[in-house]
Amino acid sequence: MLPLTLIYLLQQILGGNAQQSSFQLPLNNLSNFTGTTLPNPAVLSIPSSQSSNFTITVALCSSSPQIPRFILSNDTSITQPSQPDLDTPNVFEVSLNNGYGNWTGLMPNGGFMSVLNAGQTPFEVGVSDGGPMHEIMDSYPFLGDTTSNQALLFSPAFGEASTSNPTYPNYTLPAANLSFPQGPSSPPNFTLIIVPTSSSSLASVPRTACAMSSVRAADVLHEGPAESEGLWLKDQAGWRWQWLVNGLTPATNYTVYAMQDNSKVSSPINFVTKSASFDCPIVHSLPFCPSISYAVPIQGPSLPASAHDTTTLPEEFYSPLLEVLTNFTVSLTTFPCGRDMYSPIVGCADCQQAYRRWLCAIWFPRCSEAAPDSGDSTQKPLSALQAQAPSATPRSPSLPPFPSGYNALLPCLETCTAVDRACPISLGFKCPIPRFTAKASYGVGYIDTGEEGDEGGGLTGTAQDRWGNVWCNLG
Ligand SMILES: *[C@@H]1O[C@H](CO)[C@@H](O)[C@H](O)[C@H]1NC(C)=O
Ligand SMILES: *[C@@H]1O[C@H](CO)[C@@H](O)[C@H](O)[C@H]1NC(C)=O
Ligand SMILES: *[C@@H]1O[C@H](CO)[C@@H](O)[C@H](O)[C@H]1NC(C)=O
Ligand SMILES: *[C@@H]1O[C@H](CO)[C@@H](O)[C@H](O)[C@H]1NC(C)=O
Ligand SMILES: *[C@@H]1O[C@H](CO)[C@@H](O)[C@H](O)[C@H]1NC(C)=O
Ligand SMILES: *[C@@H]1O[C@H](CO)[C@@H](O)[C@H](O)[C@H]1NC(C)=O
Ligand SMILES: *[C@@H]1O[C@H](CO)[C@@H](O)[C@H](O)[C@H]1NC(C)=O
Ligand SMILES: *[C@@H]1O[C@H](CO)[C@@H](O)[C@H](O)[C@H]1NC(C)=O
Ligand SMILES: *[C@@H]1O[C@H](CO)[C@@H](O)[C@H](O)[C@H]1NC(C)=O
Ligand SMILES: *[C@@H]1O[C@H](CO)[C@@H](O)[C@H](O)[C@H]1NC(C)=O
């Protein structure tokens, strides 16, 4: 076998002679072109690989009446593949669909790609040995919550949450005042594109990252890593980027896309901002309650902060929570964790985690409001809202009364049953029984049916959906 570098060199010489002016596409790095920056003739040469499949993707970077065509050959004797060659073996058309095109196959000797009808339409090409560089991902951004003019948003999850499970005899559980784990060292970059759903600014633009990121319209927000609040491990789904977006319009439906490394685009979600009178601030980025990312009935932070985190949230609001959690952890470790198994699938660490999530969801009530009547005839289930009178006795022992009335979005009963399922029976943790008392303090029947012991089969199957509906507070 020739060393790879030598093969490469040979190809440079051989290929280079045949195709003096062709541009060598780099591997695993995007290149962009328009008709004027393409070489003449408009042929791009593709590197070779003896061992792996290449995925070649193209993405159009603007809408245009003139759609380029891409014809590819992995036979090095066909140096300028064109339309008539499509009948021959080893010549393929990379056809476009909504601005995207892809081809996967072998390039043992490299190859060539002709661009026909290029015009002035900008486009990108990516040659990769690690899957497509351009694609619409089947992941979604995630909505934390909204106020009248803000949204707390997350990228799709990417890095696994590293779980170092403690083991017997040194079964040490995380402290109540959790020290936040270190995030992944080279996370993918994400940028959010946020646009009012009714806007036409993106209407004619292909759903490619290069096309969407080049739209500069007053109603299209671009939120990159620099605008973010950094990485956050909200739950076991994994790490996400987190953004607190200000300056939105009340009672408005927005569409959000997340772009990964400026080349891949997520599927979109919707969210709806609250009405102008909504006055609960968002609370987020609490290491001891990592799942709290929603509006809470407390006074807002002083300016310039526009939402609460540990730097603005009064300590007396959460120090008793840490005490409860510490005491719970002490009781939990009276069980011989890691030695005696109370379940084949869960252990004490899972129990503590589920309890923390439940306690935080109970401790910090969530404000919401009824969805405006959309006027469509399809009956939507109603969210688990419970009206709270102005200055009513707070639902939470350490929060002061909230002077204005609000609608509490009740925790999903599943947040409680998760604790029941993850903890040793000897702890005596009990959730209210769905058929009797649960509805007074929980959203029942959304995810699970609400029949005791049943999992799944609920009304909505989820606590919140991608259209911006939020049914109960999962915490
Ligand atoms: C990708 O291309 C850009 C511009 O051509 C270059 O600056 C960068 O170093 C390349 N990255 C890699 C990983 O080769
Ligand atoms: C296109 O590529 C050139 C050089 O590789 C780079 O300088 C330029 O920023 C790229 N343009 C876009 C829109 O990505
Ligand atoms: C290339 O892809 C084909 C089709 O997906 C697959 O059957 C083949 O095993 C892959 N070859 C390599 C070397 O990865
Ligand atoms: C590749 O192209 C085919 C045909 O257009 C399409 O069905 C498929 O979804 C594309 N794959 C990706 C990853 O974009
Ligand atoms: C070109 O790619 C196709 C699809 O991967 C493969 O079947 C064929 O053998 C390749 N041709 C050459 C000359 O490598
Ligand atoms: C027990 O585990 C904790 C955390 O993993 C560690 O800090 C501690 O040193 C360990 N103690 C012993 C006696 O191994
Ligand atoms: C919790 O931990 C943080 C940093 O680790 C510390 O600054 C804070 O004082 C602790 N809070 C309590 C109530 O122990
Ligand atoms: C993300 O963006 C930063 C700054 O723009 C850059 O230094 C870094 O290389 C990017 N990371 C990736 C994986 O593209
Ligand atoms: C936690 O436990 C200590 C010691 O048993 C007790 O004094 C304290 O009241 C408990 N705190 C809570 C909030 O239960
Ligand atoms: C937001 O708009 C989309 C698209 O019109 C719609 O499907 C969705 O139901 C709306 N969301 C809410 C919560 O009304």
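In listed order, ligands and their atoms are each counted from 1.
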N/O separation below 3.5 Å, Glu315 to ligand 7:
no
Contacts of type side chain to side chain contact (heavy atoms under 4.5 Å, CB included), residue Pro122, not counting sequence neighbours:
Thr34, Cys61, Ser62
Would you check if the side chain of Ser263 reaches a backbone N or O of His134 as a donor-acceptor pair within less than 3.5 Å?
no
Between ligand 4 and Asn97, is the shortest N or O to N or O distance under 3.5 Å?
no
Evaluate the ring planes of Tyr406 and Phe402, with Trp represented by its six-membered ring, and classify them as parallel (under 30°), tilted (30 to 60°) or perpendicular (over 60°).
perpendicular
Parallel, tilted or perpendicular: which describes the rings of Phe70 and Phe123, with under 30° parallel and over 60° perpendicular?
perpendicular
Anything under 30° is parallel, anything over 60° is perpendicular, the rest tilted; go ahead and classify Phe180 against Trp232.
parallel
For ligand 5, would you mind listing the residues that have at least one heavy atom less than 4.0 Å away, ordered by chain and number?
Asn74, Asn90, Phe92, Trp103, Gly105, Leu106, Pro108
Rounded to the nearest 0.5 Å, what separation is found between the OG atom of Ser199 and the CD1 atom of Ile194?
13.0 Å
Would you call the rings of Phe271 and Tyr254 parallel, tilted or perpendicular, taking 30° and 60° as the class edges?
parallel
